[in-house]
Amino acid sequence: KLENATLKAELGRATWKFLHTMVAKYPEKPTPDDRKTLELFFLSFGRLYPCGDCARHFRGLLKEMPPQTSSRNAAAGWLCEAHNRVNKRLKKPVFDCNNIGDFYDCGCGDDKKAKDG
Ligand code: FAD
């Protein structure tokens with residue numbers, strides 16, 4: 001099947017939005033289990049992302065810069081840098097990772113820190 005750059009870019013935008021929003025909600029003080037879960041998430045993501053070339057590049061990136069899981073800030077900073085590496089490769093503008101602050105808001109409100117959430 002032919003490549004469709006529009007669909008590929010749309011998937012990329014939706015995925016980055018999800019990933020950045022996910023780490024913006026990662027605990028500030030993660031447990032060892034939280035940390036393992038995030039690390040395994042990105043390893044699985046690198047295997048499963050449906051754009052094969054993108055996934056292959058991302059796996060290379062994970063080797064060079066392993067996911068930072070020690071805190072929300074560390075994880076958000078790491079993902080921002082990883083996205084910037086992709087931006088550079090695709091000749092897109094880089095994002096100022098110091099300004100990531102509240103840029104990614106899930107809109108979930110204070111979904112009452114339930115034990116499972
Ligand atoms: P996107 O890069 O999708 O970014 C969306 C928005 O996020 C931007 O408009 C900006 O507001 C914000 N943003 C930008 N940079 C950052 C940052 N560093 N941190 C936080 N927020 C930021 N496409 C390919 O053609 N080849 C590839 O090899 C490829 N690899 C990819 C690998 C992964 C893991 C993913 C998720 C996507 C990949 N893509 C790839 C898609 C590509 O990265 C873009 O998503 C797509 O080209 C659309 O680009 P865009 O200009 O809309 O902005």
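On a predicted model such as this, the values are computed, not experimentally measured, just so you know. Both ligands and their constituent atoms are indexed starting at 1 by order of listing.
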Query raised in the report: Hey, is CG on D102 packed in by over 12 heavy atoms from elsewhere, all under 6.0 Å?
Result: no

Query raised in the report: With under 30° as parallel and over 60° as perpendicular, where do the rings of W16 and F58 fit, or are they tilted in between?
Result: perpendicular

Report summary line: By chain and number, the residues contacting ligand 1 below 4.0 angstrom (heavy atoms only) are K8, A9, G12, R13, T15, W16, H20, F45, Y49, C54, H57, F58, C80, H83, N84, V86, N87, R89, L90, K92, F95, I100, F103, Y104

**Report entry** Salt-bridge present (K36, D33; N to O < 4.0 Å)
**Finding:** no

**Report entry** Heavy-atom donor-acceptor pair, N84 side chain to F95 backbone, under 3.5 Å
**Finding:** yes

Query - R89 CZ: over 12 foreign heavy atoms closer than 6.0 Å - result: yes

Query raised in the report: Are any side-chain N or O atoms of Y26 and backbone N or O atoms of T69, one a donor and one an acceptor, separated by less than 3.5 Å?
Result: yes

